[in-house]
Amino acid sequence: MDPRVSSLTAFRRPFRTLRATAGDTVDLACHLSPEISAGAREIRWFKGTDCVKVSPITVERGCEGRVTTVAFDDVSLTLDDVKVTDSGQYRCEMLGEKKEEIFIVHLHVSEFRLVSRSADVGEPSCIAGYIIYCKSFSDFGPHVFCGHDATLPCYLSPETSAVAMEIRWFKGTDCIYLYRNGQVTEGRGYEGRVSVFTHQLQRGNVSLNLRDVQRSDYGEYRCEVTHGGQTVQNDGVHLKAFKLSSHPERSFSKSIPQIRTVHAWAGDDVTLPSLLSPETSAVSMEIRWFKGTDCIYLYQNGQVTEGRGYERRVSVFTDELEYGNVSVKLKDVQDSDGGEYRCEVTCGKDKLENNIHLHISELKLVYRSEDVGKPFESLLIRLENKLTVLPLYETLTLLCHGVTLPCYLSPETSAVAMEIRWFKGTDCIYLYQNGQVTEGRGYEGRVSVSTHKLQRGNVSLSLRDVQWSDDGEYRCEVTHGEKMVDASFYIGVFEFHAGRVPAETPKERRRRASESSDLQPKEPEKTGRRWSYEMLPPEL
């Protein structure tokens, strides 16, 4: 064999380094592909040169000599109550017509490890050969405003005194804090701003306290603890800044534009949404709303000042400030209210901004025929302890059935001479223009608008023979002259199972599938969903 080919094969051999703590259970998972399984007779695990496990494989063949069944014991290697002496290189070999190494792992066992929460001290860690099921350390990173203090959490597990240990904290590759032999050295730019809780070192608390946070402080931090000849480190802690967004978190949102456009209608009330993320109280913060360069609303020290021309027309939801809702409500909107708005929130040295465009229309789209001609107010509502924006229409449909996305012009106006577009994501799936209809690819013969109802402003879309790929976000766009109005929808597709409650949304299915397997399914797993939104239409 060409030595270059042999070298390349060795290079591609699966290899992983696993870190564990004494007392943990470690699973060294060995995956057999169908090609390997067909020729395998026996799986052996080695530590160094010592064979530590043998798993026989039984192969049953059909009358023509073809393999019909490959039955084997668990070929993974599980080590219970691991010890420091279990550290070393482990090798999985397949014996058949030839011997082949199929997996190599280097196991490093320490007397202690670093965890992100005091509640996890003493708890076993999750160690697996192919998939690490534990959340990464950085998932627990704190959010902080500029000028405030932050604690980057880190604890020794099992609880062990760190008084005699060496503790290093890094930002990127720079050591910003060193504790050694009871002496402290602070990194450049961090003098007088970093410290550990020395009175808690006895209990294994090696968390870092960072004072007067600057913008340059945001990013990844890493803790490294050395004792004797052993060094352990965490997976990193991410120090994050707060954000101000006009888009509450939605499970189905795939992409969010930088500037949100809010549609309103003359005489109606409208909410310009702005939310602190993650959710934190804004009661003690300073909130300003601007239209162009003019400040139209100021909340400061619990006192309110309204801008000229906006007296008694602007307000915030004071009972929602504790949840980070700094949205402004604008009453009785006029044509002159259209334009660019900016929310500015100040906390300490930090200033967060959010921009919104308000579009005033003569026409609007509503989701129910009984709402035609009625005033409409765009609201923020609290739903399952999260904020969401109305209007919003979400519907469920069974696989292979039909569904109608209801959409009506208000006030009632003929849409016969208008241009009607329906989108799935960014793809136009239906176009009505000059009395002619064009259907998008994959939707031929499956989408329609009742043209005889256009005279009354009914632009609802009917979708027949629903498929799994139809699950997702839809948008209706109606254009008349230079004016355009739109509305958003969401279709959730599920399959009926007798006696089974739908368990999760399609997006949750896809995310779970991608997180739990290296092999991506060709189509979504056919399970159902549970829908708990309270504003679903009565007919659903």
Worksheet entry | Flag for E353-N355: side-chain donor and acceptor within less than 3.5 Å | no

Worksheet, complete the sentence: The ring pair (Phe, Tyr, Trp, His ring centres under 6.0 Å) partners of F290 (sequence neighbours excluded) come to none

Worksheet item: Are R342 and E344 close enough, and set up right, to give a salt bridge (charged side-chain N to carboxylate O under 4.0 Å, His left out), and what steps lead you there?
Response: CA-CA 6 Å; R342 184 176 86 258; E344 188 179 279; 3.5 Å; yes

Fill in: Backbone of C154 reached by a side-chain donor or acceptor of S207 within 3.5 Å
yes

Worksheet item: Out of curiosity, C223 SG to I167 CD1, how far, rounded to the nearest 0.5 Å?
Response: 7.0 Å

Item to complete: Applying side chain to side chain contact (heavy atoms under 4.5 Å, CB included), run through V54 and W45 and close with a yes or a no.
Response: CA-CA 7 Å; V54 177; W45 275 96; over 6 Å; no

Worksheet entry | Between NZ on residue K53 and CG on residue L28, distance to nearest 0.5 Å | 9.5 Å

Item to complete: Start with the C-alpha distance between Q230 and V84, add both sets of side-chain angles, then the distance that settles side chain to side chain contact (heavy atoms under 4.5 Å, CB included), and finish with yes or no.
Response: CA-CA 10 Å; Q230 286 192 344; V84 174; 3.7 Å; yes

Worksheet item: Charged N to carboxylate O under 4.0 angstrom, R193 versus D217?
Response: yes

Worksheet item: Is a side-chain N or O of Y218 found less than 3.5 angstrom from the main chain of Q214, in a donor-acceptor match?
Response: no

Discussion item. Looking at every heavy atom in both R215 and C146, which two are closest together, and how far apart are they?
Written reply: CG-SG, 3.4 Å

Item to complete: Take Y190 and L210 through the side chain to side chain contact (heavy atoms under 4.5 Å, CB included) test and state the conclusion after the steps.
Response: CA-CA 8 Å; Y190 289 85; L210 176 58; 3.9 Å; yes

Item to complete: Determine yes or no for a side-chain-to-main-chain donor-acceptor pair under 3.5 angstrom, with N234 supplying the side chain and G236 the backbone.
Response: yes

Fill in: Exercise: identify the closest heavy-atom pair between V326 and A282
CG1-CB, 3.7 Å

Worksheet entry | Residues D471 and Y490: side-chain donor-acceptor under 3.5 angstrom | yes

Discussion item. Within the structure provided, determine whether Y155 and L114 are in side-chain contact (heavy-atom separation under 4.5 Å).
Written reply: no

Worksheet item: For F145 and D350, which heavy atoms make the closest approach, and how far apart are they?
Response: CA-OD2, 3.4 Å

Item to complete: Please report the closest heavy-atom contact between A20 and V26, naming both atoms and the distance.
Response: CB-CG2, 3.7 Å

Worksheet item: Side chains of R211 and S195: donor-acceptor distance under 3.5 Å anywhere?
Response: yes

Practice prompt. Please answer whether the main-chain N or O of V196 pairs with a side-chain N or O of N209 as donor and acceptor at a distance below 3.5 Å.
Written response: no

Discussion item. Determine whether R91 and E93 satisfy the following criterion, salt bridge (charged side-chain N to carboxylate O under 4.0 Å, His left out), listing intermediate values before the conclusion.
Written reply: CA-CA 6 Å; R91 185 176 74 258; E93 288 186 356; 2.9 Å; yes

Worksheet, complete the sentence: For A162 and Y179 the tightest heavy-atom approach is O-CE2, 4.1 Å

Practice prompt. Determine whether F112 and V225 make a side-chain contact, defined as any pair of heavy atoms from C-beta on separated by less than 4.5 Å.
Written response: yes

Could you tabulate the donor-acceptor pairs under 3.5 Å formed by side-chain atoms of residues 197-204, not counting sequence neighbours?
from : atom 1 : to   : atom 2 : distance (Å)
Q200 : OE1    : N205 : ND2    : 2.4

Practice prompt. For Y323 and L276, indicate whether the former's side chain and the latter's backbone hold a donor-acceptor pair under 3.5 Å.
Written response: no

Item to complete: Decide whether H106 and Q89 meet the rule of one side-chain donor and one side-chain acceptor closer than 3.5 Å.
Response: no

Worksheet, complete the sentence: Between the CZ atom in R168 and the CZ atom in R180, the distance rounded to the nearest 0.5 Å is 5.5 Å

Item to complete: For side chain to side chain contact (heavy atoms under 4.5 Å, CB included), just list the numbers for I287 and L321, CA-CA rounded to whole Å, side-chain angles, deciding distance to a tenth of an Å, and then say yes or no.
Response: CA-CA 10 Å; I287 305 166; L321 288 177; 3.7 Å; yes

Worksheet item: So, are K47 and D86 salt-bridged, with charged N and O less than 4.0 Å apart?
Response: no

Practice prompt. Would you check if P142 and V144 make a side-chain contact, meaning some heavy-atom pair closer than 4.5 Å?
Written response: no

Practice prompt. State whether R113 and D24 are salt-bridged, where the test is any N-O pair (Lys NZ or Arg NE/NH1/NH2 against Asp/Glu carboxylate O) under 4.0 Å.
Written response: yes

Response to the item:
Heavy-atom nearest pair, V194 first then E186, reads O-OE2, 3.4 Å

Worksheet item: Which distance, rounded to the nearest 0.5 Å, do you find between the OH of Y90 and the CG of D50?
Response: 10.0 Å

Item to complete: Any chance you could measure I491, atom CD1, to E394, atom CD, to the nearest 0.5 Å?
Response: 11.5 Å

Practice prompt. Check for a donor-acceptor pair, side chain of S87 on one end and backbone N or O of V109 on the other, with a separation under 3.5 Å.
Written response: yes

Worksheet item: So do F242 and S277 actually touch side chain to side chain, heavy atoms under 4.5 Å?
Response: no

Worksheet item: Under the 3.5 angstrom rule, does the side chain of E322 hit a backbone N or O of E320 as a donor-acceptor pair?
Response: no

